[in-house]
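The structure under discussion appears below in the form of structure tokens.
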There are 2 protein chains.
Amino acid sequence: MVKGTRERIMDAALRLFGQRGVAGTPVTAIEAEAGLSAGSGSFYRHFADKDELVAEVVDREMARVAKIPAAQVSRAVAGTPAADALAGQLLADLDFLRQLLPMIEILMWERGRLPDLAARVQKVMLDRGIELGVADLLLCAPTAPVREDIAAAAAVMTSAVVGYFLTVEYFGAPPLQIDPQRFTTTLARMLAGTSPTGARPDSVADEHHATDQTPT
Amino acid sequence: MVKGTRERIMDAALRLFGQRGVAGTPVTAIEAEAGLSAGSGSFYRHFADKDELVAEVVDREMARVAKIPAAQVSRAVAGTPAADALAGQLLADLDFLRQLLPMIEILMWERGRLPDLAARVQKVMLDRGIELGVADLLLCAPTAPVREDIAAAAAVMTSAVVGYFLTVEYFGAPPLQIDPQRFTTTLARMLAGTSPTGARPDSVADEHHATDQTPT
DNA sequence: GTCTATATTGGGATAGAC
DNA sequence: GTCTATCCCAATATAGAC
């Protein structure tokens, strides 16, 4: 079954919006990218105007992201030392951000024109990223500075992941050429304490947010 | 002495570019913001076209930022406890990013069209942010995970600061409502080790960023 | 439901008076 | 060196044939 034109238009738009921005993407370019004749109004047989398209694309993308199960990694690393478990979680967070990337890009271009979009993206990130992260921190054996102010530590954790991700996206290379493995490992140890030998017993990160939560 | 029209145009453009992007800012709006009659081509008596204006604005901004003295804090906090000194440095880094904000905003809008701009902004940030940060880390009594991989720790530090800053800018509020003080304090302790009692004497936040830096 | 063709608007840029 | 007026083009959107 071949995708309908409407779907192809939305796919094309998502691609182009990220690259050139909504305002920078003429309808004619979307038509071309979707395999329609550029300049023909064929687009308008499927959407009333560009704003409607933007809204639909955003909605579809948010729905898709909301369905991404959040718990894969945390569950999988049950039984590993705290820092390693957390490092795995952080790698998964980077991956989650990569999946959010089209939305983030649209948000960057349109945050002035679509103020509510920021709130929606933030909500998804909060739900998936930060709360889970805090749970992990509480279950780990956190380092002293973390224990002193867990919320602040969670903010540091999230900020670091977001900053690393955006640096890669915007500058094309990670800060100081540190690859994701090294980055997440170091960050995790700063949060959960160094796991020197792999000694950490167990029962740390076992039981939580195990349930896969594919909804409805 | 009143600013010349050329300067006022550049000021207006910098303001508008950040808010609405370069492509989203018509020349007519720049004229209006600069106190000229919108729609009159008066703009073109000062710049060949919009691209030239963008280039000039970027150049002026980069020159301004390059002049911002970087060392205030690091120098001033000599002798203070490692974590407190570092926290001060991180606060200053946040402030430095705030001063870079117009450039960052332009970069976000134009990174596709002005690929070299990304490299220039990155260079400024590297020069001012990361290298100093690494120096501080080496001089501190770093925590174990930091000592293990200083470069990775510096990447974490920078990413966290950048991520925190951008979160505030894009979402209007810091992650988990953690204010800059709490954020930098926690991050600093994760890097430099906790400074337990707060017994630390004096001379902490006195002497730094004193020098007014009005150039030329 | 896609095409060709076209009306329309908004914004970049120029001409020439003052 | 700023104005009014205008040109021009790119992009939105529509009309109507097929």
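All values reported here derive from a predicted model rather than from experimental measurement. Below, read A as the first sequence line, B as the second, and so on, with proteins coming before strands; counting in each chain starts at 1. Only this structure's heavy atoms are used, side chains among them; waters, hydrogens and symmetry mates stay out.
- The salt bridge (charged side-chain N to carboxylate O under 4.0 Å, His left out) check on Arg20(A) picks up nothing, with sequence neighbours excluded.
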Short heteroatom pairs, N/O only, protein and nucleotides 9-13 of chain D, under 3.5 Å:
residue : atom : partner  : partner atom : Å
dT12(D) : OP1  : Val27(A) : N            : 3.2
dT12(D) : OP1  : Lys50(A) : NZ           : 3.3
dT12(D) : OP2  : Val27(A) : N            : 3.0
dA13(D) : OP2  : Tyr44(A) : OH           : 3.3

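- The closest donor-acceptor contact from the side chain of Thr143(B) to the backbone of Leu191(B) lies under 3.5 Å.
- Residue Ser37(A) has no polar side-chain atom (N or O) positioned under 4.0 Å from OP1 or OP2 of dT2(C).
- Side-chain atoms of Glu31(B) come within 3.5 Å of backbone N or O of Phe43(B) as a donor-acceptor pair.
- Among the candidates Leu187(A), Leu94(A), Thr184(A), the single residue satisfying the side-chain contact (heavy atoms from CB on, under 4.5 Å) test with Tyr164(A) is Leu94(A).
- In this structure, Glu52(B) atom CD and dG12(C) atom C1' are separated by 15 Å, rounded to whole Å.
- With rounding to the nearest 0.5 angstrom, the OG1 atom of Thr25(B) is 11.5 Å from the CZ atom of Arg15(B).
- One finds the OG1 atom of Thr185(B) at 9.5 Å from the CD atom of Glu148(A) (value rounded to the nearest 0.5 Å).
- Judged purely by distance below 3.5 Å, without hydrogens or angles, the side chains of Thr5(A) and Arg8(A) pair a donor atom with an acceptor atom.
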Sort me out a list of protein N/O and nucleotides 16-18 of chain C N/O pairs below 3.5 Å, or just none if empty.
residue : atom : partner  : partner atom : Å
dG16(C) : O6   : Arg45(B) : NH2          : 3.2

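- Of the residues in residues 4-16 of chain B, Thr5(B) come within less than 4.0 Å of DNA chain D through at least one heavy atom, sorted by number.
- When the C1' atom of dT4(D) is taken as reference, atom CG of Leu36(B) falls 14 Å away, rounded to whole Å.
- The side chain to side chain contact (heavy atoms under 4.5 Å, CB included) test applied to Ala151(A) returns Asp149(A), Ile178(B), Arg182(B), not counting sequence neighbours.
- Following rounding to the nearest Å, Glu31(B) (CD) and dA5(D) (P) show an atom-to-atom distance of 15 Å.
- In this view, Glu169(B) satisfies the salt bridge (charged side-chain N to carboxylate O under 4.0 Å, His left out) rule with no residue, not counting sequence neighbours.
- Listed for the Asp95(B) side chain is no donor-acceptor partner under 3.5 Å among the backbone atoms of Arg98(B).
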